[in-house]
> 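Below you'll find the structure I mean.
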Amino acid sequence: MVILAAGEGTRMRSARPKVLHSIAGRTLLQHVIAAAAAVEPAHVMVVVGHGKDEVIAHLDEVAPWVDTVVQQVRAGTGNAVRVAMDALIRGGHLTLEGSGPVIVLSGDTPLLTGETVRHLLLTHQTQAAVGTLLSAQLRDPAGYGRIVRDDAGDISAIVEDKDADLVVRAIDEINAGMYVFEVEQLLAALSQLTTDNAQGEEYLTDVLASLRERSHRLIAELVTDVDEILGVNDLVQLAQAAAIMRDRINEGWMRAGVAMIDPASVWIDVDVDLEPDVVLMPQTHLVGPTSVASGAQIGPGTTLTSCEVAADAMVRHTVAELAVIGPRATVGPFTYLRPGTRLGAGSKAGAYVEMKNADLGDGAKVPHLSYVGDATIGENSNIGAATVFVNYDGVAKHHTVVGRDVRIGSDSMLIAPVEIADGAYTAAGSVITDDVPPGAMAVGRARQRNITGWVARRRADTASAVSAHSAEEALKSTSSESGIPASKEGDQ
Ligand code: UD1
Ligand code: CA
């Protein structure tokens, strides 16, 4: 198997090599390799050139089982295949006798399916062909190589768009650039290629005419779904391919029991795993190896990257990465869960809550406006609004432990490292620097004192002073009418 990926991709207008652009969580090249894997090829040789270091590094990471060979000069698709064949022979992966046919694919056609590759190979083998190619009937065939047939309907040549005359340009059957060849005959034809054409390149497509001259059997198999051959040459086509891939993925999940009311706005990566009865609301993005269990509702407006969501959880207007969301947990709206967040069964991370490296016990709640970093929170504890787990002293991060059935008062600052034991309370507005024993109420704030008359003395003639004065007058008159003292102090 040979995959051509040495091209420059100039029209992408991007510093990144074309085949390393991604859709649905995989690079273009990864999609092609995944399709190629369907026929379990003995060896895959990827021809690299432009941006070769990046492409090779990427392949080492995502598909270490493929081989690469560098095409030094971009001398055409025929040259690229010869470079690959030489490398396969040098590596002992290919011999003239005993080797099966060679499949040639391009690295920039991410919508190709394994099914189509398998079918192409099967056609080649059952029809005992020497060369089999995938073709397509296009309403606008401009830019593609055309398949020229003789009176008997057999393939006589492929003529590139740039080399075509008006008659050939009118042909609507095009070459998709995916082939199966018998090794020996391919090598013979490759050795005869010339650069005598409009682009001054060695065309792989000239191999077909050469095989035909030697009366070898050639077959063109029409692809059923023309989307499969869409090549990505610029960012417009990348977006088109992404949309087609999205529709394909979403249709698959809907048929598997996943509900979406607006599938056009739902983006699911290839590596995502969903169960039946998951509901995906509009503007939901599931990225990387994210999994969602039955009965969970995700979205609207939610991006989950590499997250695990358990059954019946509800996650709305949330951004989360590397978080584990337990069964029946509720998250959002407007919640940010960072790596290492684990939410227990029935727990809650509510509005304007950010969490990181934090374990929230079963039934525990962080309902509003809080930051929870580097913490363990026990079962059924409640973290009052606007609490901050102060985990960073400017140099290092520290851990906070909150026991079970704890009540943290609103606007508490928990200065880590600190431990609040089971069943303890903290008073609202406290700064907690010391451990709190079980069942204690920790008060970590100055006691309130009221300096009466301060506004009249220090802010005379302000609106506050005027309002305070009228309120005092009103209190005096009601208390004199009813005989009730004007202030609490009067009680004592
Ligand atoms: C090629 C076919 C054309 C077909 C079309 C389908 C040839 C001569 N033409 O044209 O009949 O309709 O694909 O999309 O083959 N590459 C290399 N090294 C090179 C040149 C190209 O690795 O020296 C790689 C490219 O990176 C790409 C693939 O080969 O992945 C195809 O090359 P490209 O230049 O895109 O060929 P097209 O002109 O599209
Ligand atoms: Ca192309």
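Quick caveat: nothing in here was measured; it's all calculated off a predicted structure. All ligand and atom numbering here is 1-based and tracks the order in the structure. Numbers here simply count residues along the sequence, with the first being 1.
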> So for I174, does at least one of its heavy atoms come nearer than 4.0 angstrom to any atom of ligand 1?
no
> Compare E201, R74, R11, E160 and give the one whose heavy atom is closest to atom 33 (P) of ligand 1.
R74
> Please report whether ligand 1 has a polar contact with I158, defined as an N or O pair separated by less than 3.5 Å (distance criterion only).
no
> Report yes if some heavy atom in the side chain of Y179 is under 4.5 Å from a heavy atom in the side chain of T205; otherwise report no.
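Touching, per the 4.5 Å side-chain cut-off.
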> Judging by distance only, is a nitrogen or oxygen of G76 under 3.5 angstrom from one on ligand 1?
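N/O-N/O distance under 3.5 Å: yes.
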> For atom 6 (C) of ligand 1, which candidate among D163, N175, N79 provides the closest heavy atom?
N175
> What's the verdict on side chain to side chain contact (heavy atoms under 4.5 Å, CB included) for L211 and R217, showing C-alpha distance, side-chain angles and the deciding distance?
CA-CA 8 Å; L211 293 177; R217 188 166 161 73; over 6 Å; no
> Between the side chains of S210 and R214, does any donor sit under 3.5 Å from an acceptor?
yes
> How close do Y203 and A198 get, heavy atom to heavy atom, and via which atoms?
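Minimum heavy-atom separation between Y203 and A198: OH-N, 4.1 Å.
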> For ligand 1, is there an atom lying under 4.0 Å from some heavy atom of G231?
no
> Using heavy-atom distances, let me know which of R146, Q71, E8 sits nearest atom 17 (C) of ligand 1.
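Nearest heavy atom to atom 17 (C) of ligand 1 lies in Q71.
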> Kindly state each residue pair satisfying side-chain hydrogen bond (donor to acceptor under 3.5 Å, both in side chains) with at least one member in residues 222-232, sequence neighbours excluded.
T113-E228, T116-E228
